[in-house]
Every structure is written in C-alpha cells, then in structure tokens.
Amino acid sequence: MDRLSELNPRQREAVLISSGPLLVLAGAGTGKTRVITYRMAELIRRGTPPERILSVTFTNKAAREMRERTTALLGGKLRRRPLVSTFHAFCVRVLRQEIERLGYPAKFAIYDRGDQESAARKALRDVRLGDETWRPGDLLARISRWKMAGVRPSGAMEHTEDDRDVLAVVAYRRYQGNLRAAGAVDFDDLLLLTLELFQQHADVLARHQGRFDHVQIDEYQDTNAAQFALVEALVRPHRNLCVVGDDDQSIYGWRGAEVEHILGFQTHFPGARVVRLEDNYRSTDAILEIANRLVRHNRGRHEKSLVAHRRAQGPVRFLAFEDDLKEAEGVVAEIRELVNGRGVSPESIAILFRTNEQPRVYEQELRRAGVRYVLVGGQSFFDRREVRDLLAYLKAISQPDDDMSLLRIINTPARGIGTSSIEKLMKRAVREGRRVLDVVPDAAREREISRRAHEALDGFRELLQRYRARFADEPRRMDRTLIALLDEIGYRAEIERQYPQPEQQQARMAVVEQFVDSIKQHIERTEEPSLETFLEDAALVGRDEDFGASDELSQSGIRLMTLHSAKGLEFPRVYLVGLEEGLLPHHRSLIGPDTAIEEERRLCYVGVTRAMQELTVTRAESRMKWGRRKPTLPSRFLYEMRGEVGEIEAPEFDEAEAVG
DNA sequence: AAGGAGGGTTTTTTT
DNA sequence: AACCCTCCTT
C-alpha cells in the first residue's frame with residue numbers, strides 16, 4: 001500500500017502510530033476521515049484481522065462509508081469485514097445476546113424519538129403543580145441528563161435542582177416503569193444497559209474486551225459520559241485506542257456530549273500521543289480566515305489555527321435582505337442562474353440553516369424556480385404520520401406487550417372503538433397491571449364497553465394474531481404481508497377519505513410505498529430478516545441513511561440541511577442563511593449558560609467550514625414567526641467573522657440585489 | 001362513535 | 001401557518 005504517499009507527514013504519522021492511546025486533533029477539512037480509514041487499512045495490512053478492529057462513527061451512514069472505503073483501500077478483497085458501527089448499533093449487538101442477564105426480555109424493543117415522545121407525554125399525564133408542568137421534549141432532555149449522570153428513577157429525588165425537577169422525577173419514574181413494562185429501552189438505555197452489563201458481569205466484559213485489539217473513535221468531541229465509560233472499559237487491557245475529533249466542532253452538548261473528553265484525553269489516558277492536523281485542503285484562504293476569526297472568540301479549546309492550501313477566487317459575501325421571503329428569493333434566484341445559466345452542478349451547492357422550520361420558504365422558491373433539491377434530514381421520513389402508523393402496526397404485531405403502539409392504531413382507520421371505550425380499557429389495564437387487549441373480556445362481561453366495541457376489539461385482536469403468525473412464518477415475504485394487511489384494514493381508502501386533493505393522496509401513498517420498499521430492501525440485504533430486525537434498524541437508522549428515502553445524498557439536486565446534519569460534509573458552494581440573533585445563536589441558547597452560546601458559535605463555525613470555494617452568508621431584516629412579521633438583529637457572529645466586534649454602528653452589508 | 005368547527009399553542013439541534 | 005385539543009352536532 002504505497003498509497004501512504006498520498007498523505008502529508010502529519011497524517012502519515014497518525015496512521016503509523018499503531019499502538020497505545022492516540023489523540024488526533026483534526027481541524028475542519030484536514031482529512032480526518034481519511035486518516036482514520038487509512039489507519040484501519042494499515043493495521044489490517046500489517047496483520048491485524050479485520051474483525052479485531054472496532055471503529056466507531058457518529059452515524060450509520062458514516063459507518064457504511066468507512067467500511068466501503070477501507071475495503072477499497074485493501075483492494076476490495078477481505079474475508080472478514082472490519083466492525084464499523086455507531087455506539088448505539090454496537091450496544092444493540094451486545095445486548096441482543098446478553099440482555100436477559102439484566103432481567104430484560106431477549107426481544108426487547110427500541111423506542112425511537114417519536115415513541116419516546118409519546119411515552120413522555122403519557123408519563124406527564126396529571127403531572128402538574130399549579131401551572132408548573134413539562135413539555136415532553138424538555139422532560140426527555142431532563143431524563144437524559146439524569147441517565148447520563150447515572151441517576152436512576154428511584155434515586156432521582158436526591159438530584160433535583162429545583163421544584164420543577166420534583167415533577168420531572170414523578171414523570172421519570174412513570175416513564176421508565178412504562179418502558180420496562182413494554183419490554184422497551186430508549187437510546188440512552190442502550191448505552192447504560194451495556195455499561196451495566198460490563199460493570200456487573202466481569203465475564204461479559206472480559207469476553208468483549210477480548211474481541212478487539214484496536215478501537216478507533218471518530219467525532220470524539222461528541223462522546224457522552226456513557227460512551228466514554230464504554231470505551232474506557234473496552235480498551236482497558238491494551239489501551240490501543242485512537243480517537244479523532246475537533247473540539248471546535250462539538251455541537252451536541254445539548255445531547256449530553258462533553259468536550260471535556262477530548263480536551264482531557266491525555267489525562268484520561270496518560271502517555272497518550274497527540275497528532276495535530278492543521279493543513280486544511282478543503283476551503284479557500286478567504287473562507288478559512290473568517291472561520292478562524294469566528295472560533296477564536298470561544299474559550300476552553302485546544303488552540304490551533306488552520307492553514308489554507310487553496311486560494312480564493314473571490315471574497316466571502318455577506319448579504320442582507322428585507323425579509324425572509326426576499327432572502328429565499330435572492331438565494332434561489334442566484335442558484336437558478338448558477339445551475340441553469342452557468343451549468344454548475346446542483347450537487348455542489350448547499351443551503352445551510354439552523355432550524356427545521358427555515359427550509360420551507362426555500363422549498364417553495366426552488367420548486368417555483370424549477371431547481372431540483374434534496375432536503376436532507378429535516379421533517380424526516382420517520383416523522384410522517386403514515387410511517388408512524390405503519391411502524392405502530394408492525395410493533396404491535398411484533399411486541400404484544402407494546403400497548404403504546406397498540407393504542408396508536410387501535411382505531412386507525414376507524415373501526416368502531418371510540419375514545420370512551422379505550423379510556424375504560426386503559427384504566428382497567430393500569431389498575432390490574434395487564435395489557436389492554438387482555439382486559440377486554442372482563443370489561444365486556446361487566447358491560448363497561450358496548451357490544452359493538454367488543455366485537456371490533458375481538459376482530460382487531462384476531463387480526464393482529466393472524467398477521468403475527470404470517471410475518472413470522474414468511475419473513476422473506478414481509479413486504480407482501482404488509483401490503484395484504486394494508487388492504488385488509490383499508491388504509492388506502494382511509495388516506496383518500498382524509499385527504500380530498502388527489503395531489504395529497506398521491507404524496508401520502510408514495511410515503512406508504514416507500515415504507516413497503518424499505519422492508520423489501522431490508523429483506524434483500526439481511527441474512528435472516530425478521531420483523532424484529534427490521535424494527536431495530538428503523539429505530540437506529542433514524543433520519544440518516546437510505547431508509548425509505550433511498551439515500552438522500554445520492555439523489556441529484558441542491559442540498560438543503562440543518563447545520564447539525566451538515567457535519568462531516570463539504571460543498572463547493574455554501575449559502576449559510578438566517579444569521580440573526582435568536583436564530584443563530586438560537587434564542588434558547590441566549591437564556592442558557594455561557595457555554596450554550598459557545599456551542600452556537602461552533603455550529604456557525606461548522607457551517608462556514610463546510611464551504612470549499614464560495615461562501616455566502618445571509619440574513620433577513622425581518623422574519624415571519626407564528627404568522628407574524630418581526631424585525632430582527634444581525635447575528636453577533638457576523639460582527640465576529642468580519643472582525644467588527646466592538647463597533648457601535650451596524651456593519652455595512654452589501655445591498656442584496658435580485659439576480660435574473 | 002365520528003367528524004367538523006373553533007380556539008389555543010407552538011419551533012433547536014438528533015443517535 | 002400548522003398542529004393539537006376540546007367541544008359540539010349528527
């Protein structure tokens with residue numbers, strides 16, 4: 001493999017250090033993914049069996065790409081494939097074999113984001129004091145923080161910070177109790193249970209420690225406490241751990257990621273070697289100058305300054321528009337001219353924004369301008385109502401204990417089981433600690449529910465059982481089985497009834513077809529497909545990867561995505577839009593601690609450093625919010641990027657002119 | 001039980 | 001503007 005000659009000396013050094021703890025501090029665009037891939041290939045070339053290297057990535061898609069690249073580097077022929085996976089997927093593999101030791105069912109279900117939210121909503125019922133209450137999303141964040149700190153529901157009362165937390169404790173207990181009863185775990189549980197397994201069962205830990213000679217972690221700046229503990233445990237015998245990351249790109253603090261892990265690596269792993277990659281091959285000097293100037297305003301970071309290797313053809317542009325609509329019009333008009341007029345490839349252009357509400361205007365404009373686009377992530381496939389319905393059907397079929405999924409679809413489409421019947425059944429089920437469908441006979445005998453509802457419920461239970469058998473018996477025909485199920489419940493008719501416009505009907509049915517297709521794909525690429533493995537994939541894959549949406553990034557069209565989704569990607573031309581106080585930095589970070597602003601600044605830094613040749617930063621002087629127009633202030637980051645901090649006058653912005 | 005009207009609330013980011 | 005919840009009519 002004399003491909004090593006393609007690497008610069010620093011990169012080569014990182015690749016060639018093959019044992020002991022190693023921290024690769026890699027700035028944006030310095031070839032960090034390249035280093036970690038080459039390193040894996042080099043270890044294999046020198047004799048480490050591929051399956052004895054564990055590489056951890058941030059997303060499933062990154063995992064797949066790294067697997068492919070490594071294999072390609074080694075000439076495409078490998079008897080065993082290296083194990084590349086996310087922390088979560090790794091934990092699922094471990095738990096699938098060992099979770100019964102912790103008293104969980106072997107066929108545990110994984111709650112995805114939507115399930116977690118419903119569970120939180122359910123746990124919050126009647127939990128309020130005066131007008132103090134919690135929103136489900138906030139509660140989940142609170143619970144997650146407790147979990148990361150190792151606080152269990154029973155002991156949470158001692159870790160309350162204020163009165164509101166007391167309410168959260170009540171909800172936390174219910175939430176965890178309901179999950180347990182449903183035989184389900186959430187994302188944090190995947191990590192925590194694996195950790196618990198390692199801590200309580202020395203033999204299990206020893207077995208998994210013995211599986212790997214080397215561990216590599218990408219995006220190390222985004223590891224949380226549980227992930228750190230897992231890694232530490234896994235590499236304890238040999239300490240062959242290579243982590244790669246950039247503290248300036250840590251943007252998941254709100255999810256429990258702790259920059260301290262990358263800042264303190266040498267303390268956690270004494271004797272660790274450190275390699276810094278500061279040669280940036282991605283962006284022009286103009287773009288990098290702005291990025292450097294911006295991020296210098298953060299404290300508590302590894303000092304590094306990126307050196308540009310590309311010359312700019314033009315300066316970074318800062319544009320101000322009258323309102324958010326004009327902003328979208330302006331940006332899209334320019335893009336249309338680039339794509340249609342100058343033959344620029346649409347895939348080389350990205351529009352990056354802070355929140356998921358922002359792309360709507362751009363979608364409208366792009367459609368009107370006839371420019372193809374791909375919305376990456378965003379209102380994900382999994383958030384669509386149809387997908388949630390179908391997933392609930394499959395979950396209720398696969399997991400008879402999963403009352404939450406059952407309740408979602410018990411009367412969808414309407415089959416004569418009304419809210420009052422459902423409520424009575426739920427009360428009884430909770431009271432007796434049984435499943436909803438199991439209390440139906442008693443409720444019917446005591447005339448609690450109507451005869452009509454009773455019959456409908458019996459029919460529904462029979463339906464689930466019949467399809468449970470059918471899915472289990474013919475796993476390779478699951479897609480067909482689902483179609484049969486949809487026919488039987490009249491799902492298409494339900495859609496046609498709910499959405500009178502043929503346009504909408506088609507769009508909704510397309511989602512259903514995509515879902516069926518994703519099952520087909522799962523069957524094709526899985527050795528032993530089953531409803532359970534499919535649901536597992538669906539929960540883990542989340543919004544990235546080619547699930548249903550058939551690999552967003554391979555489609556043609558300009559890219560629309562949030563700054564978070566843009567991590568790890570690069571584009572020749574980037575439009576970074578909505579640089580306004582309250583949006584970037586986001587309002588919620590302004591009321592939080594100082595560190596919150598720094599994370600917003602890093603987010604902005606990530607956005608800027610995605611750009612290779614041309615960067616355009618825009619803002620709107622007023623913006624619609626909740627149907628109302630409100631004036632805005634320029635983002636403080638604009639001043640910082642342009643080196644105008646401290647000036648009282650607003651900076652001059654280029655007049656935005658309509659193009660074309 | 002079903003469906004529609006009206007009113008109130010909402011938006012940070014995601015494995 | 002979009003969603004969810006509640007209440008009212010059928």
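In what follows, every chain begins at residue 1, and chains take the letters A, B, ... in the order their sequences are listed.
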Would you say [X] stacks on [N], if stacking means ring centres under 5.5 Å apart and planes within less than 30 degrees?
X      : N      : answer
A/W626 : B/dT10 : yes
A/Y252 : B/dT14 : no
A/F58  : B/dT15 : no

Point to revise | 5'-most by nearest nucleotide on DNA chain B - A/A453 or A/E600 | key: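 First, find each residue's nearest nucleotide; the 5'-ward one identifies A/A453.
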Upstream residue (5' side of DNA chain B) when A/W254 and A/S450 are each assigned their closest nucleotide: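 Looking at the nearest nucleotide for each, A/S450 comes out on the 5' side.
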Quick one: is B/dT15 close enough that its OP1 or OP2 comes under 4.0 Å of any side-chain N or O from A/N224?
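So the side-chain polar atoms of A/N224 never come under 4.0 Å of the phosphate oxygens OP1 or OP2 of B/dT15.
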Practice prompt. Respond yes when some side-chain nitrogen or oxygen of A/S565 is under 4.0 Å from OP1 or OP2 of B/dT13, and no when none is.
Written response: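 A/S565 to B/dT13 OP1/OP2: no side-chain N or O under 4.0 Å.
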is_close_aromatic(A/F58, A/Y252), centroid dist under 6.0 Å |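 Between A/F58 and A/Y252, the centre distance is under 6.0 Å.
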May I ask you to say what [X] touches in the nucleic acid, namely base, sugar-phosphate or nothing, with a heavy-atom cut-off under 4.0 Å?
X      : result
A/R135 : sugar-phosphate
A/S589 : nothing
A/D222 : nothing

field: Rounded distance (nearest 0.5 Å) linking atom NZ of A/K326 with atom OG of A/S622
entry: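 Taking NZ in A/K326 and OG in A/S622, the distance rounds to 8.5 Å.
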Which word best sums up how the rings of A/F198 and A/H208 line up, parallel for under 30°, tilted for 30 to 60°, or perpendicular for over 60°?
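Answer is tilted, since the angle falls between 30° and 60°.
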Query - Geometric class of the A/W146/A/Y172 ring pair [parallel <30°, tilted 30-60°, perpendicular >60°] - result: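 The arrangement is parallel - the two ring planes meet at less than 30°.
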* In whole Å, what separates the P atom of C/dC4 from that of B/dT13? ->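 The answer is 16 Å between these two P atoms.
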Between [options], spot the one nearest the side chain of [X], thanks.
X      : options               : value
A/E357 : B/dT15, B/dA1, B/dT11 : B/dT11
A/T59  : B/dT13, B/dA1, B/dT15 : B/dT15
A/R255 : B/dT13, B/dT15, C/dC5 : B/dT15

Open item on the list: Measure CD1/A/I449 against C1'/B/dA1 and give the value in whole Å, please.
Closed with: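 Rounded to the whole Å, the gap is 14 Å.
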>> When you measure from the centre of the six-membered ring of A/Y175, is the NZ or CZ of A/K122 closer than 6.0 Å and no more than 45° off the axis?
In response: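 Here A/K122 fails the 6.0 Å and 45° test against A/Y175.
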